[in-house]
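Below is one structure, written out as structure tokens; the observations come after it.
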Amino acid sequence: MSFANDYLKQLEQIAARHPLPRVRALHLPPLEAAGSKNGEFCAIELDDGALGLSYVLLDDTLGQLLDRRDALGVAGADAMTLARAYAEGDGVARTLGFAAANAITRHFLDRAGYTPPDSVDSIGGLRPEAGDRIGMIGFFRPLADRIVASGARLVVIELNAELAGLQAGYEVTTDATALAHCNKVLSTSTILLNDTLERMLGLCTQATRIALIGPSAGCLPDALFARGVSSLGGSWVTDREGFIAALAA
């Protein structure tokens, strides 16, 4: 089974034991923010205030969400019904489904009284050092410079061919098979949504540590740990009203 199916199966088990709040709202960034780090994610909010994030810059997802916002029927929807689209839908529906699934996860963690620990760094605790060969899935440029400064060798896997080439001390390539030679891997959480997760993890045959990070990595980790991921880092919203205002702006 895919990660999406495994994740949804866990959420179904939770929903069967505890009634879930319905969806209160869909929060979107303005279209003009799409070219910056400030406009990459949407949020589904449940009636209890739980928020789940999802990446919106695949293809024209954000534009479609903004255009169809009033017709999507998100507000008042059954959270689990919406979440199922993560495994069963595509495009806009899958994006909303992932956000809803992550909102259910937050609801569950809040109900359980669990708050994850703060991250010790921005690279998933990989502790890069000389002798390491690190693979980076998705181009985190500031993190790339930090990894190279540690003395580790770095190769970046990117879908955008325009970014491919030699950089200062590392290589950016579209050839994901380069991951097979890496002993540590740092990945963007976008692979949870763009249908590359299973393939990318399958290529990390020599990796002893795989860290998956990003604002939308707010999912239950069990199915990822079972697939070899060793650490997961996402965003944990503590100021609901401030977050929603910032996202809308």
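These values consider heavy atoms only, across backbone and side chains, with no hydrogens, waters or symmetry-generated copies. Because the structure is predicted, anything quoted here is derived from the model rather than measured.
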Check: [Y] main-chain N/O paired with [X] side-chain donor or acceptor under 3.5 Å:
X: Asn102; Y: Leu53; answer: yes
X: Gln206; Y: Ala180; answer: no
X: Tyr7; Y: Ala101; answer: yes
X: Thr208; Y: Asn183; answer: yes
X: Arg17; Y: Gln13; answer: no

Self-check item: side chain to side chain contact (heavy atoms under 4.5 Å, CB included) between Leu26 and Leu72, intermediate numbers included
Solution: CA-CA 10 Å; Leu26 165 65; Leu72 290 171; 4.1 Å; yes
Any Lys/Arg nitrogen of [X] or [Y] sitting under 4.0 Å from an Asp/Glu carboxylate oxygen of the other?
X: Asp6; Y: Arg227; result: yes
X: Asp145; Y: Arg141; result: no
X: Asp132; Y: Lys184; result: yes
X: Arg94; Y: Asp195; result: yes

Exercise. Carefully, step by step, assess Arg127 and Asp121 under the rule salt bridge (charged side-chain N to carboxylate O under 4.0 Å, His left out).
Key: CA-CA 9 Å; Arg127 297 185 179 88; Asp121 59 30; over 6 Å; no
Quiz item: Closest heavy-atom contact between Thr105 and Cys219?
Solution: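 Nearest heavy atoms, Thr105 then Cys219: CG2-C, 4.0 Å.
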Quiz item: Without hydrogens or angle criteria, can the side chains of Thr177 and Asp175 be said to hold a donor-acceptor pair below 3.5 Å?
Solution: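 Yes - a donor-acceptor pair under 3.5 Å links their side chains.
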Practice problem: State whether a side-chain donor-acceptor pair under 3.5 Å links Ser54 with Thr95. | Solution: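 Short answer, no.
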